[in-house]
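So the structure is just underneath, and the comments pick up after that.
Side chains included, hydrogens not; waters and symmetry mates left out as well; all remaining heavy atoms used. Lettering of chains follows the sequences in order, A, B, ..., and the numbering in each one begins at 1.
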There are 2 protein chains.
Amino acid sequence: MRNNEERIRVAIAEDHQILRQGIVALLEDEENLNLVFDVGDGLELIEKIKENPVDVLILDLNMPKMDGETCLPIILKLYPNLKIVVLSAYFSEPILNFVLELGATCFLPKLSDFSVLLDAIVSVHQKGFYSIEESKKEKRLNLELEMKENFTPRELEILKLLCEEKTSKEIAEALFISHRTVEGHKLRIMEKTKTTNTSGIVIFALRNGYFR
Amino acid sequence: MRNNEERIRVAIAEDHQILRQGIVALLEDEENLNLVFDVGDGLELIEKIKENPVDVLILDLNMPKMDGETCLPIILKLYPNLKIVVLSAYFSEPILNFVLELGATCFLPKLSDFSVLLDAIVSVHQKGFYSIEESKKEKRLNLELEMKENFTPRELEILKLLCEEKTSKEIAEALFISHRTVEGHKLRIMEKTKTTNTSGIVIFALRNGYFR
DNA sequence: GAGCAACTAGGTAGAAATACCTGATTTTAA
DNA sequence: TTAAAATCAGGTATTTCTACCTAGTTGCTC
């Protein structure tokens, strides 16, 4: 067992119990890593991280109470040098870019191989990044998460609001645009997802793990 | 610790290391379960199960060397009384039917809550079956939630078709009733689920595991 | 057989969504 | 600096959905 000072301090925020437990169990076997804590939601994460500084944070995007997207900027403001590996059930180019803009160091699909996660942790800590090319390869390998829809950022916003039971009018008001524009976006989303109505869009989004 | 004879003997075949490790770690904490072995592919599964009889097998559909679909019939022929809980990243009605035809006892999405998996293991062992609808009923009783959907059989039929992107008219034609009747059922469902439109109904159904 | 829940279905309105268009401005990428 | 993509939004017509009514039939139970 190495000295704790030399080991990479890692924390996990992931609400899915089985995955979190799996990551915990596997990381505990890595002797160059020091697993500091694991939590199941964003609020708990913010509390814990204040008392337990870490080098690398594994962060799930979709969590209860406070999601990853929300707490990522908060935490990064407190600890600008923290490296964050974001996990998401859904993996796409637009989300990748969005997450990196938020300040994440790396973005991986939830069902990545453990070896990839391990590489990512070590790489973001030592080099400050994890090769996007590599994660792209991983994406291609992971047929389960392969997708071709390629939503634009605006479409993703609309998609999210549709999954919150919002009507076009309500979405228009929330985004300060015309309801006709929202309808236009919806039509394009329907084309991309090969669906024919709002329910179809919602079904697609939920089945593909967008906004659980 | 209970007597081993009384505990449900469980085995896991799942190639995704993190998930497998997570399930292993969580099942080991359950004192009425006896985790006999865990493997990462179908060939290993067949070897191990010959020497280590179990009551319930948790089986991933997509595995290297030999996938779940292939080894399920083989194993079931050797052990006709074995209960098999199939996991899959994909969850849909056709796959469900396919898997049940193969002889599986239960079919769950990979990213189910651990509590659901646990319920499934106990239920298939004791009662020989498990359905997500049932788990919801039991949860409702246990947690005393204010959820009182209590759908009628007809409402469940409509709910299912709504989750297949069908319009009221299409549902009416499928069930040989008036589209006005379908609309009436939809209104009742919206009341019960406290939703305000079709998307809301679908979101409710999918989030609560009705028809994934 | 009275009461009840479930299923059926019609009337009328208005709201919302969908299917076609069109074209503008802005952003991004080649 | 073009070309392409994304975003915005209006027109018009049709379909679908939602809301709030009423009300008949069946089947079950007390």
Salt bridge present between A:Glu155 and A:Lys192 (N-O < 4.0 angstrom): yes
5'-most by nearest nucleotide on DNA chain C - A:Lys169 or B:Pro153: B:Pro153
Flag, side chain of A:Glu30 to backbone of A:Asn32, donor-acceptor distance under 3.5 Å: no
Rounded to 10 degrees, the angle between the two terminal axes of the helix from C:dG1-D:dC30 to C:dT12-D:dA19, each from five pairs: 0°
Interatomic distance, B:Leu175 CG vs C:dC7 P [rounded to whole Å]: 11 Å
Donor-acceptor contact below 3.5 Å, side chain B:Thr193 vs main chain B:Ile189: yes
Within residues 181-189 of chain A, residues whose heavy atoms come under 4.0 Å of DNA chain C: A:Glu183, A:Lys186, A:Leu187
Atom pair distance, as rounded to whole Å: CD1 in A:Ile177 and C1' in C:dT26: 15 Å
Exam field: side chain A:Glu165 to backbone B:Thr196, donor-acceptor pair closer than 3.5 Å: yes
A:Thr198 side-chain N/O to C:dA16 phosphate OP1/OP2 under 4.0 Å: no
Whole-Å gap separating C1' (D:dC8) and CD (A:Glu157): 14 Å
Between P of D:dT18 and CD1 of B:Ile171, the distance in whole Å: 11 Å
Side-chain donor/acceptor of B:Glu170 to backbone N/O of B:Thr167, under 3.5 Å: yes
B:Thr105 (side chain) donor-acceptor with B:Val85 (main chain) under 3.5 angstrom: no
Test salt bridge (Lys or Arg N to Asp or Glu O under 4.0 Å) applied to A:Glu191 and A:Arg188, step by step: CA-CA 5 Å; A:Glu191 276 175 28; A:Arg188 243 160 287 123; over 6 Å; no
Distance in angstrom units between A:Leu162 CG and C:dA16 P, rounded: 15 Å
Length of the CD1-C1' vector between B:Ile158 and D:dT18, whole Å: 15 Å
Sequence neighbours excluded, every pair satisfying side chain to side chain donor-acceptor pair (under 3.5 Å) that has a member inside residues 40-56 of chain A: A:Arg9-A:Asp55
Salt-bridge present (A:Arg154, A:Glu157; N to O < 4.0 Å): yes
Residue closer to the 5' end of DNA chain C, B:Arg180 versus B:Asn197 (nearest nucleotide): B:Arg180
Spacing between B:Phe176 atom CZ and C:dC7 atom C1', to the nearest angstrom: 17 Å
Phosphate OP1/OP2 of D:dC8: any A:Ser178 side-chain N/O under 4.0 Å: no
d(CD, B:Glu170; C1', D:dT16) in whole Å: 11 Å
A:Arg154 side-chain N/O to D:dC8 phosphate OP1/OP2 under 4.0 Å: yes
Nearest to side-chain heavy atoms of A:Thr152, which nucleotide of D:dG11, D:dT7, C:dA17: D:dT7
